[in-house]
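Here is the structure we will look at, set down as structure tokens.
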Amino acid sequence: MAVSKRIVLRFPPRLSGQPIVSRLVKDFNLDFNILKALITPEEEGLLVLELSGEQNDYDKGVRYLAKTGVRIQSLSQDVIRNEERCTHCGACITICPTGAFEIDLSTRQVTFHDTKCVACGLCIKACPPRAMEVHF
Ligand code: SF4
Ligand code: SF4
């Protein structure tokens, strides 16, 4: 069965510069699409990927990633917006790697599209009134 999943990978500094993601293609027959990459030398890197392939290959690829020391975002996490707290300030819009927030320029209201969210958690700290919450 073919699957396509969006995952968040966090790389410790010692792994930066290594061809880890390209091995997903070569050794595990997976396709990937990079949705966002934030990698700076000497710091933790963050990569949001859409990973596609056969379920078996996907499982093996993810196990390989985990073995190398890459932290894979738990997909059971759910990020929600507390509507009562949101002030529609817009601080989350540029932070979100998958474009889950959208502003209506005429009303200045910010909409949260939860189906685009990959639970990376970047908006949690960025939201001034702490309207974004992670649930496990
Ligand atoms: S940063 Fe927080 S308060 Fe501001 S628009 Fe986004 S969710 Fe709402
Ligand atoms: S956790 Fe926040 S920043 Fe990350 S994908 Fe979801 S909405 Fe965007």
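Numbering of ligands and ligand atoms starts at 1, following listing order. Positions are given from 1, in the same order as the sequence printed here. Only this structure's heavy atoms are used, side chains among them; waters, hydrogens and symmetry mates stay out.
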side-chain hydrogen bond (donor to acceptor under 3.5 Å, both in side chains) evaluation trace for Asp104 with Gln109:
CA-CA 5 Å; Asp104 181 327; Gln109 295 289 294; over 6 Å; no
- Could you please spell out the steps behind the side chain to side chain contact (heavy atoms under 4.5 Å, CB included) verdict for Leu38 and Lys36? CA-CA 7 Å; Leu38 295 170; Lys36 182 87 173 181; 4.0 Å; yes
Between Cys123 and Phe101, does a side chain to side chain contact (heavy atoms under 4.5 Å, CB included) hold up when you go through it step by step? CA-CA 10 Å; Cys123 60; Phe101 297 97; 4.1 Å; yes
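Rounding to the nearest 0.5 angstrom, the gap separating the CE atom in Met1 from the CD atom in Gln55 is 4.5 Å.
Within ligand 1, counting atoms from 1 as listed, the ones closer than 4.0 Å to a heavy atom of Cys89 are 1 (S), 3 (S), 4 (Fe), 5 (S). Atoms of ligand 1 lying under 4.0 Å from at least one heavy atom of Cys86, given by number and element, are 3 (S), 5 (S), 7 (S), 8 (Fe). Taking every heavy atom of Cys127 and a limit of under 4.0 angstrom, the matching atoms of ligand 1 come to 1 (S), 2 (Fe), 3 (S), 7 (S). Close approach to Pro129 involves these atoms of ligand 1, each under 4.0 Å from a residue heavy atom: 3 (S). Atoms of ligand 1 found under 4.0 Å from any heavy atom of Gly90, numbered from 1 in the order shown, are 4 (Fe), 5 (S). Heavy-atom contacts of Phe101 reach the following atoms of ligand 2: 7 (S) (cutoff under 4.0 Å). Residue-ligand proximity, Phe112 to ligand 2, at heavy-atom distances under 4.0 Å covers atoms 7 (S).
Listed by chain and residue number, the protein N/O/S atoms under 2.8 Å of atom 4 (Fe) of ligand 2 are Cys120 SG, with waters left out.
Residue contacts with ligand 1, taken as heavy atom pairs separated by less than 4.0 Å, involve Arg81 solely via side-chain atoms from C-beta onward.
No more than 12 heavy atoms of other residues, nucleotides or ligands sit less than 6.0 Å from atom CD of Glu84.
Phe32 has its side chain within reach of Val25: a pair of non-hydrogen atoms, C-beta onward, lies under 4.5 Å apart. For the pair Asp114 and Ile80, the minimum side-chain heavy-atom distance is 4.5 Å or more. Two residues are said to be in side-chain contact when any heavy atoms from C-beta on lie closer than 4.5 Å; Val70 and Leu15 meet this criterion.
Distance check for Cys92 against atom 8 (Fe) of ligand 1: none of its N/O/S atoms falls below 2.8 Å.
The residues Arg81 and Glu83 are annotated as salt-bridged, a charged nitrogen and a carboxylate oxygen being separated by less than 4.0 angstrom.
Taking all atoms of both residues into account, the shortest heavy-atom contact from Arg23 to Phe28 is O-CD1, 3.5 Å.
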